[in-house]
Amino acid sequence: MSYFSELALQFIDGEWRGGSGSWDIVDFNPYNGEKLASITVATVEEVDLAYRAAERTQPEWGATNPYARRAVFERALRIIEDREKELTETIIAECGGTHVKAGFELHLAKEFLREAIHLALRPEGRILPSPVDGKENRLYRLPVGVVGVISPFNFPFLLSLKSVAPALALGNAVVLKPHQNTPVCGGGLVAKIFEEAGLPAGLLNVVVTDIAEIGDALIEHPIPKVISFTGSDKVGRHVATVAASHFKRTVLELGGNSALVVLADADLDYAVDAAVFSRFVHQGQVCMAANRVLVDRAVEREFTEKFVAKVETLKVGDPVDPTTHIGPLINEGQAEAITQLVDQTIAEGATALVRGRTEGTLMGPTVLSGVPEGSAILGQEIFGPVVTLIPFDGDDEAVQIANDTDYGLSGAVHTADVERGVRFAQRIHTGMIHVNDSTVHDEPIVPFGGEKHSGLGRLNGDSMIEDFTTTKWISIQHGRSQFPF
């Protein structure tokens with residue numbers, strides 16, 4: 001894969017360069033273990049260089065006519081469209097994503113770039129009245145300056161672009177740190193596309209590094225005013241704490257423990273299809289994935305039979321094969337941890353209706369029922385192909401079970417009565433929930449984010465203006481003020 005040899009570098013101030021740290025991040029194909037690239041980590045000094053470049057170049061970019069700014073995103077979109085085959089191959093190789101996953105990621109990446117084109121023109125100022133005669137109050141929407149972006153490994157290309165593109169479109173500069181497991185898809189590819197699209201040097205910088213090398217330097221640095229982080233709630237809590245201590249704003253898109261709820265009047269065949277996709281897309285390594293499938297006891301037996309039969313048809317294997325449904329987890333450590341969690345849950349008394357084998361990073365789908373109340377698996381995000389089936393009696397109990405979690409990112413409810421579904425959805429403590437659909441959805445103009453431990457703030461659409469701009473009040477006294485002394 002040519003992208004790995006070409007882009008396995010730091011990108012600082014418009015220059016592709018090696019890091020100067022004392023160790024390397026090795027980029028592996030999670031399916032076959034092939035070494036894709038080796039990148040010497042960036043140091044604290046190189047993080048500083050990246051932020052200084054961003055700070056130096058941002059004022060001119062922020063003052064650039066937004067019509068001129070948006071031309072960069074139009075060109076970036078065309079580049080992605082022209083290279084979709086190569087990008088698909090890169091996502092499959094580095095992320096272990098199937099063809100379905102890669103297609104989903106690239107489709108959304110293009111949609112978010114289209115939104116960035118329009119976002120550049122959307123910030124609006126206001127003139128507000130004053131109780132003081134002759135006073136004019138102007139409110140300006142201005143770029144915050146420099147934004148730090150930290151992206152995850154599961155959808156690295158998309159989730160880097162989701163923050164990078166709006167921040168740039170609104171006149172900011174960016175320093176991006178991709179996850180060390182996906183430094184090319186989450187970092188180098190993004191930088192390369194914008195470089196070729198004509199983004200001025202220094203506005204987007206990519207530092208491939210790790211907390212073991214730089215500590216909290218990426219967050220503590222005095223230049224960035226906003227930190228946009230996507231990842232686990234544990235790390236998100238740390239990011240928020242450090243950022244707040246330095247008076248920085250954060251946008252946190254964190255984990256989930258979503259429930260897909262099947263009411264007694266649901267179309268069971270359709271609900272099965274939605275539930276299987278909601279749990280097993282990209283091996284379950286999706287923050288919106290349905291960890292828990294809640295089923296009314298009146299239809300529990302029929303739904304379970306259909307669900308198990310569907311799961312048993314899923315093909316596990318090489319993500320290069322277009323017929324593969326479930327590819328590898330990102331690394332063996334993740335597969336081992338989830339396998340141990342399943343073993344523990346079965347030892348507690350749960351029944352495995354389907355039990356997938358774990359071989360290296362490959363983990364077959366597992367369906368658990370009869371999970372004891374209080375079991376650890378019910379309260380956490382399962383970032384793998386494991387699902388729990390939970391029966392309930394009536395809507396009230398379903399609401400109670402769905403809300404019995406520290407998370408609140410996504411969800412879904414299936415019913416023949418749409419308005420009943422909406423009433424049910426309004427009772428679930430989650431940032432997003434879908435009636436008669438899957439739990440996995442993202443759209444460019446709809447606020448995306450969670451409640452409770454699933455995050456702070458929202459991404460997408462007008463929410464980006466709130467995230468990546470600041471409001472400035474400038475008053476003008478057209479007459480002469482009267483002062484008391």
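These numbers were taken from a predicted model, which means no experiment stands behind them. Residues take their numbers from the sequence shown, with the count starting at 1.
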Please report the shortest heavy-atom distance between F112 and P444, naming the atom on each side.
CE2-CA, 3.5 Å
Applying salt bridge (Lys or Arg N to Asp or Glu O under 4.0 Å) to E84 and K110, what does each step give before you reach the verdict?
CA-CA 10 Å; E84 195 147 348; K110 291 183 290 184; 3.0 Å; yes
Do you know the tightest heavy-atom contact between V342 and V386?
CG2-CG2, 3.7 Å
Taking it one step at a time, do F157 and V184 satisfy side chain to side chain contact (heavy atoms under 4.5 Å, CB included)?
CA-CA 9 Å; F157 185 65; V184 171; over 6 Å; no
Give me each pair satisfying ring pair (Phe, Tyr, Trp, His ring centres under 6.0 Å) with a member in residues 316-371, each pair once, sequence neighbours excluded.
none
Taking the side chain as C-beta and beyond, is there a heavy-atom pair between H414 and L268 under 4.5 Å?
no
Salt bridge or not between R297 and E397? Use side-chain N to carboxylate O under 4.0 Å.
no
Return the set of residues passing ring pair (Phe, Tyr, Trp, His ring centres under 6.0 Å) with F307 (not counting sequence neighbours), or none when no residue passes.
F303
Answer yes if the side chains of S258 and T439 hold a donor-acceptor pair under 3.5 Å, and no otherwise.
no
For the pair V242 and E220, evaluate side chain to side chain contact (heavy atoms under 4.5 Å, CB included) and give the outcome as yes or no after the intermediate values.
CA-CA 7 Å; V242 175; E220 293 176 334; 3.6 Å; yes
F280 six-ring face occupied by K310 cation (under 6.0 Å, within 45°):
no
Could you give me the CA-CA distance, side-chain angles and deciding distance for N291 and R279, then say whether side chain to side chain contact (heavy atoms under 4.5 Å, CB included) is met?
CA-CA 6 Å; N291 285 357; R279 176 62 263 176; 2.4 Å; yes
Flag if over 12 foreign heavy atoms under 6.0 Å of CD1, I223:
yes
Measure across A275 and V293 and return the closest heavy-atom pair with its distance rounded to 0.1 Å.
CB-CG2, 4.2 Å
Can you tell me how far the CG atom of L159 sits from the OG atom of S228, to the nearest 0.5 Å?
9.5 Å
Verdict with reasoning, E46 to T43, per side chain to side chain donor-acceptor pair (under 3.5 Å)
CA-CA 5 Å; E46 283 152 339; T43 62; 3.2 Å; yes
Qualifying residues under side-chain contact (heavy atoms from CB on, under 4.5 Å), relative to V308, sequence neighbours excluded:
T304, E312, L353, V354
Per side-chain hydrogen bond (donor to acceptor under 3.5 Å, both in side chains), K315 is matched among T98, T324, D321 by D321
Mind listing the side-chain donor-acceptor pairs of residues 365-380 below 3.5 Å, one per line with the distance, residues two or more places apart or on another chain?
{"from": "T366", "atom 1": "OG1", "to": "G356", "atom 2": "N", "distance (Å)": "3.1"}
{"from": "S375", "atom 1": "OG", "to": "E348", "atom 2": "OE1", "distance (Å)": "2.6"}

Given the side-chain rings of H282 and F155, with only the six-membered ring counted for Trp, is the space between their centroids under 6.0 Å?
yes
Are the side chains of F104 and V440 in contact, using a 4.5 Å heavy-atom criterion?
yes
Listing request: all ring pair (Phe, Tyr, Trp, His ring centres under 6.0 Å) pairs with a residue in residues 224-253, at least two apart in sequence or in separate chains.
none
Which residues satisfy the ring pair (Phe, Tyr, Trp, His ring centres under 6.0 Å) test with F383, sequence neighbours excluded?
F153
Minimum heavy-atom distance P183-V208, with the two atoms named
CB-CG1, 3.8 Å
With side chain to side chain contact (heavy atoms under 4.5 Å, CB included) as the test, would you mind laying out the steps for I25 and W23 before giving the verdict?
CA-CA 7 Å; I25 286 173; W23 56 285; 3.9 Å; yes
Any side-chain heavy atom of I39 sitting closer than 4.5 Å to one from D27?
no
Once rounded to the nearest 0.5 Å, what's the spacing between atom CD1 of I12 and atom CG of D48?
10.0 Å
Under 4.5 Å between any side-chain heavy atoms of S163 and L459, yes or no?
yes
To check you understand the geometry: which heavy-atom pair defines the closest contact between A412 and D437, and what is its length?
CB-O, 3.3 Å
Write down the atom of T182, the atom of P156, and the distance for their closest heavy-atom approach.
OG1-CB, 3.5 Å
Is it true that K162 and E253 make a salt bridge, defined as a side-chain N closer than 4.0 Å to a carboxylate O?
no
Evaluate the ring planes of Y407 and H453, with Trp represented by its six-membered ring, and classify them as parallel (under 30°), tilted (30 to 60°) or perpendicular (over 60°).
perpendicular
